[in-house]
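Excluded from the calculations below are hydrogen atoms, water molecules and symmetry mates; all remaining heavy atoms, backbone and side chain alike, are included. The model shown is predicted, which means the values in this text are computed figures rather than measured ones.
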Amino acid sequence: MSAPAPNAPDFSDDQASAYDRVGALMQAAGIDVDGGTTAPAGKAGAEPAVLAVIGKAGSGKTMLLAAITDALTNAGVEIVSGDHEGRRRRDRRRLAILAPTNKAASVLRNRGVPATTIHRILYTPLYAPEYERIAEWLAGNGARPDVAGLGIEGLTDDALDRARAFYGAVASIPGALAAAGLRGSDFIRGWKRREDPLDIGFVDEASMLDARQFEDLQEIFPTLVLFGDPAQLAPVGQSGAMVFDTLPAAQRLSLSRIHRQAEGNPILDLAHALADPGLGFDDFERLVERAAARDDRVRLAPRVDAGLMARSPVLVWRNATRIRLIHAFRTAHGAPATALLPGEPLICDGLELPLKHRKRRIDLEARGLIKGAQVIYLGPGQREGFARLHVVGAEDPRVSAASIIKIEQPDGEEPFIPSAARMGAAFLHGAAVTIHKAQGSQWPEVQVFAPDLYAAARSGRDEAGVPLWKRLAYVAITRAEHRLHWVTRYRLGRPEAPLGTDDLPKPAAPLSLQA
């Protein structure tokens with residue numbers, strides 16, 4: 001692969017080198033980006049290959065991923081979305097762009113990269129036949145269906161036009177069908193575990209991958225490129241190591257320069273200052289103070305903002321701090337002791353389902369209810385134990401699911417459980433989360449609870465040879481897209497507005513469908 005097209009981003013030398021290395025990997029896999037030609041998959045003679053592109057925040061990993069994706073699509077490579085797989089054409093090469101969570105995938109989509117989650121690639125939906133015809137038409141693999149012949153009550157040509165317009169802007173089949181007034185429960189009749197391999201996989205936020213996920217991805221993708229940040233926190237149980245650390249040095253491409261678009265960003269300046277081995281916690285706080293004095297994108301906050309917590313959790317280290325802040329948040333909003341208010345944030349803590357309920361597990365995971373998913377409580381469901389939820393970052397965010405919601409109490413008191421299905425998706429409150437669980441996510445504004453980082457500094461703990469407080473601080477402050485709030489004291493400011501859901505995107509009205 002030669003230099004990018006004239007309208008491509010202005011790469012630094014290390015980015016250009018990484019671009020060429022990935023291009024050589026594509027060439028070995030049978031895709032000539034410069035010539036705009038592709039050989040059928042499996043006939044290029046290349047062995048399965050893995051590359052890792054690693055770099056800290058601001059080094060241009062996402063820009064590089066987007067540029068390579070554009071080059072591949074211009075060469076005729078098809079993007080696999082994970083929400084629908086039409087009839088496969090053997091002459092077409094396919095690329096899937098993946099992230100570990102819906103929130104991480106939505107960060108990429110907001111930057112113009114058509115990403116989906118790993119779960120949506122491992123498990124693909126099965127569409128009912130009449131809806132399959134609509135999906136095939138939207139994907140360009142069939143003629144426009146006749147609404148009368150589909151037999152879907154309430155579906156009009158105008159609704160199909162809305163679906164087509166949506167798909168032209170956002171290549172999402174479920175999103176397009178939702179724009180037509182259809183719901184996932186109408187057109188998805190099941191989920192299947194992928195059996196056939198795919199082709200090329202790009203994985204963002206690869207620092208979050210555990211060894212099992214990495215093995216699954218290698219089984220599916222003969223050609224795999226990982227994009228990750230070596231300064232983040234490793235998955236729990238991996239002793240500070242990330243999956244790309246296991247690759248030979250020749251398969252790790254490092255981006256060391258900060259891209260010019262990130263220069264002068266005080267949040268990233270603070271993040272990179274943490275690399276100084278002589279920097280202590282007190283020294284770092286002085287840097288935060290100086291940054292706040294000259295730039296409004298960094299703010300010293302004497303108290304936590306309870307209003308901001310509803311959509312942007314406070315990031316903490318200690319679990320006890322998390323529970324106390326959640327209790328204070330609910331008290332400040334006047335939440336009753338035994339019920340949730342619409343608009344309260346939750347975090348999925350996993351699925352409490354026995355192995356025999358594999359299909360139900362697949363359904364919940366495919367809808368975005370995976371461990372670490374961020375959701376907003378909308379209200380109780382129509383069935384006992386069910387809750388209506390908005391899954392943050394999901395393309396089809398509104399779901400009703402059997403839920404086990406546990407709100408922990410300070411001082412070891414028993415938690416109260418406002419929703420208790422016998423089995424289903426388990427949730428904790430999400431007004432405050434640990435920095436580990438915040439990885440892969442970003443918010444416009446982020447509150448970092450500095451007293452917890454001070455406690456981590458006092459503990460003297462290291463992770464992979466780096467003081468733990470520095471890794472925690474790096475991950476926490478780089479979650480902020482536009483503004484960082486450095487909270488200095490154990491105080492909470494009262495919210496200026498009540499909790500609600502008016503800020504969430506409104507779904508299209510469902511059609512009246514035949515039973």
- Item | ring pair (Phe, Tyr, Trp, His ring centres under 6.0 Å) against H429, all qualifying residues, sequence neighbours excluded | F329

- Mind checking side chain to side chain donor-acceptor pair (under 3.5 Å) for W317 and listing every partner two or more places apart, or none if nothing turns up? none

- Message: Applying ring pair (Phe, Tyr, Trp, His ring centres under 6.0 Å), can you list everything that pairs with Y377, at least two apart in sequence or on another chain?
- Response: none

- Query: Do E289 and R286 sit within salt-bridge range, that is, some charged N less than 4.0 Å from a carboxylate O?
  - Reply: yes

- By side chain to side chain donor-acceptor pair (under 3.5 Å), K437 pairs with (sequence neighbours left out) D349

Listing, residues 295-315 side-chain donor-acceptor contacts under 3.5 Å, not counting sequence neighbours, or none:
from, atom 1, to, atom 2, distance (Å)
D295, OD1, R297, N, 2.9
D295, OD1, R297, NE, 3.1
D295, OD2, R297, NE, 3.4
D295, OD2, R297, NH2, 2.8
D296, OD1, R299, NE, 3.1
D296, OD1, R299, NH2, 3.3
D296, OD2, R299, NH2, 3.1
D296, OD2, R483, NH2, 2.7
R297, NH2, G264, O, 3.3
D305, OD1, G307, N, 2.9
D305, OD1, L308, N, 3.2
R311, NE, D503, OD2, 2.8
R311, NH1, G343, O, 2.9
R311, NH2, G500, O, 2.7
R311, NH2, D503, OD1, 3.1
S312, OG, E445, O, 2.4

- Query: Taking side chain as C-beta onward, heavy atoms only, is L270 less than 4.5 Å from L484?
  - Reply: yes

- Sequence neighbours excluded, the answer for side-chain contact (heavy atoms from CB on, under 4.5 Å) partners of P410 is I323, R324, H327

- Message: Exactly one of L198, V50, L98 should register a side-chain contact (heavy atoms from CB on, under 4.5 Å) with L217. Which one does?
- Response: L98

- Under the ring pair (Phe, Tyr, Trp, His ring centres under 6.0 Å) test, which residues partner F281, sequence neighbours left out? Y454, W469

- Message: According to side chain to side chain donor-acceptor pair (under 3.5 Å), does anything in residues 489-499 pair up with another residue at least two apart or in another chain? List the pairs.
- Response: R318-Y490

- Who are the side chain to side chain donor-acceptor pair (under 3.5 Å) partners of E481, not counting sequence neighbours? none

- Gap separating the CD1 atom of I118 from the CG atom of L209, nearest 0.5 angstrom: 5.0 Å

- Message: Please enumerate all residues that pass side-chain contact (heavy atoms from CB on, under 4.5 Å) together with S207, with sequence neighbours excluded.
- Response: E205, Q232, M242, F244

- Message: According to side-chain contact (heavy atoms from CB on, under 4.5 Å), who are the partners of T501, at least two apart in sequence or on a separate chain?
- Response: P342, L378, L504

- With sequence neighbours excluded, tell me which residues meet side chain to side chain donor-acceptor pair (under 3.5 Å) with R330. E344

